[in-house]
Protein chains: 2
Amino acid sequence: MSLRHALLGLLVDRSASGYDLMKLFDTSLAHVWPATQSQMYGELNRLASAGLVDVSAQGPRGRKEYTLTDKGREELARWLAAPTPPQPRRSELLLKVFFLDLATGDQARAILGERERQAVAEHERLSALRAALGGDDGPLTVNGRIGLEYGLRLAEMERDWARWAAAQLAPREEVAAAAPGES
Amino acid sequence: MSLRHALLGLLVDRSASGYDLMKLFDTSLAHVWPATQSQMYGELNRLASAGLVDVSAQGPRGRKEYTLTDKGREELARWLAAPTPPQPRRSELLLKVFFLDLATGDQARAILGERERQAVAEHERLSALRAALGGDDGPLTVNGRIGLEYGLRLAEMERDWARWAAAQLAPREEVAAAAPGES
DNA sequence: GAGGCCATGTAACATGTTACATGATTGT
DNA sequence: ACAATCATGTAACATGTTACATGGCCTC
């Protein structure tokens, strides 16, 4: 239920409408906690009902500006202090790897090769982002850099793993390729 | 919708009941694709309706043994050959990191320290598992080792990242700690 | 006055979790 | 006969996705 905390967090140093929060999300949190527009408007209403935010102003087109309440601030603090259980990862890639012997050698190489490319692309994307951050060192930038670093390291790890895994596959193929020639 | 493919995959080289599949899951796939009992029975019924599996035998206590059909085999092959889109990661840890400046220094250190411990524990668990696999080299063991290696590398990456991140935090603290003394 | 953005919402559906319900069979 | 295990299922709820609906405001 952490979309709730993401929204509370964004409201800490500014009041904003659902629409504003959506935009903020897309340019910041989207990569660690994707959420759709539907979800956000729904959650904001629930947040208001629960008294964690207030509708502090009504604007032009039915615009509702939300402001964090003390109760909301408390909830956010509680969440930050609470343990973060390791969440079970659901990975389609690893599921395919589990059944890799059901695929042809070409398919297996394609699966790993594709992931390697994806990881490289992701790494480049994040590198560019980090470069754009520049030498700033405000608290927000420090946080951002720490999160970014996670993504960079993950991408490197996946890239290297995919290469390694493809190499593990190779011997099997040599055997399969040699056998028909020998018979 | 990959629970479906996980079940099809498990049925490739054996027929089994829902109960059997549940057990198999818990001792193998659970770490890459967690699923509950409820979900599996439901999915098996849907799989049977769709003609991807057959109820090949009925046993003692209403036991239904499922067997993969040709259509099911095709669907599995199709899935393996289809691209694996990188799935957006939803990470509560990274969400907290994003808001790390809202926490006290102690809280921030606790969050990262806890993750470091979790990563170390996970690494130990997987190391033990790998040791138990031994020197076998059947196709299943090769797959298993590749998946395991992913987990090991991920755990190492998280451990190192958490240490690095904690170090990034330190300067901020020194400033905060030094300032009162200077005044 | 038209197109683009601002702004919020609903409906239908898919997926996943927890808890509960029910009962048969097997081994001791 | 009792407990453990086998075996399947339903109900309620939470979360998340996609698509659609509706309309106001602003700028050119």
Side-chain angles (χ1 to χ4, degrees), chain A residues 1-8 10-11 15-27 29-50 53-67 79 85-92 95, chain B residues 1-8 10-11 15-27 29-50 53-67 79 85-92 95:
Chain A
M1 233 215 345
S2 280
L3 170 57
R4 155 162 309 206
H5 302 111
L7 292 172
L8 293 176
L10 288 178
L11 286 171
S15 292
S17 68
Y19 192 83
D20 295 336
L21 291 168
M22 240 177 65
K23 299 296 209 59
L24 269 174
F25 237 81
D26 289 344
T27 59
L29 279 175
H31 296 104
V32 300
W33 203 275
T36 59
Q37 174 253 41
S38 277
Q39 241 183 309
M40 277 188 232
Y41 283 114
E43 188 62 36
L44 281 170
N45 282 326
R46 258 169 272 134
L47 241 21
S49 300
V53 301
D54 273 344
V55 177
S56 52
Q58 308 251 23
R61 311 141 248 241
R63 179 193 162 95
K64 291 189 279 185
E65 190 166 78
Y66 293 99
T67 301
W79 171 70
Q87 27 193 29
R89 310 179 292 283
R90 217 171 238 116
S91 163
E92 190 173 6
L95 190 55
Chain B
M1 233 217 342
S2 280
L3 171 58
R4 158 162 307 206
H5 302 110
L7 292 171
L8 292 176
L10 289 177
L11 286 171
S15 292
S17 67
Y19 192 83
D20 295 337
L21 290 169
M22 241 176 63
K23 298 296 209 59
L24 269 174
F25 237 82
D26 289 342
T27 58
L29 279 176
H31 296 104
V32 299
W33 203 275
T36 58
Q37 173 253 42
S38 276
Q39 242 182 308
M40 278 190 231
Y41 283 114
E43 189 62 36
L44 282 169
N45 282 327
R46 257 168 272 135
L47 240 21
S49 299
V53 301
D54 273 344
V55 177
S56 53
Q58 310 249 22
R61 318 143 241 241
R63 175 185 218 267
K64 292 189 279 186
E65 190 166 77
Y66 292 100
T67 301
W79 171 70
Q87 24 193 29
R89 313 178 289 284
R90 217 170 238 118
S91 164
E92 192 174 3
L95 191 55

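Distance, L29(B) CG to dG16(C) P: 14 Å, rounded to whole Å. A straight line from CZ of F25(A) to C1' of dG16(D) spans 13 Å, rounded to a whole angstrom. Rounded to whole Å, the distance from CG on L24(B) to P on dA7(D) is 13 Å. Here the P atom of nucleotide dG16(C) and the CH2 atom of W33(B) are 6 Å apart, to the nearest Å. When the P atom of dG16(D) is taken as reference, atom CG of L44(A) falls 14 Å away, rounded to whole Å. One interatomic measurement links the two molecules: CG of L47(B) to P of dT15(C), which rounds to 12 Å at whole-angstrom precision. Atom P of nucleotide dA14(C) and atom CZ of R4(B) are separated by 11 Å, given to the nearest angstrom.
For the atom pair CG of L10(B) and NZ of K23(B), the computed distance is 14.0 Å after rounding to the nearest 0.5 Å.
The phosphate of dT15(C) (OP1 or OP2) has no side-chain N or O of Q39(B) nearer than 4.0 angstrom.
With sequence neighbours excluded, the residues that form a side chain to side chain contact (heavy atoms under 4.5 Å, CB included) with A35(B) are L3(B), F25(B), Q39(B), M40(B). The side chain to side chain contact (heavy atoms under 4.5 Å, CB included) test applied to N45(A) returns K64(A), Y66(A), not counting sequence neighbours. Residues meeting the salt bridge (Lys or Arg N to Asp or Glu O under 4.0 Å) test with D20(B), sequence neighbours left out: R63(B). Residues that satisfy the side chain to side chain contact (heavy atoms under 4.5 Å, CB included) test with L95(B), not counting sequence neighbours, are S2(A), A6(A), L29(A), V32(A), W33(A), W79(A), F99(B).
Taking the screw axis at each terminus of the helix from dG1(C)-dC28(D) to dT28(C)-dA1(D) from five consecutive base pairs, the angle between the two is 10° to within rounding of 10 degrees.
Residue-level contact check: R90(A) touches the backbone only, with heavy atoms under 4.0 Å from sugar-phosphate atoms and none from bases.
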What one-letter contact string describes nucleotides 6-12 of chain C from 5' to 3', where B marks a base within less than 4.0 Å of any protein heavy atom, S marks contact via sugar-phosphate atoms alone, and - marks no contact? BBBBBB-
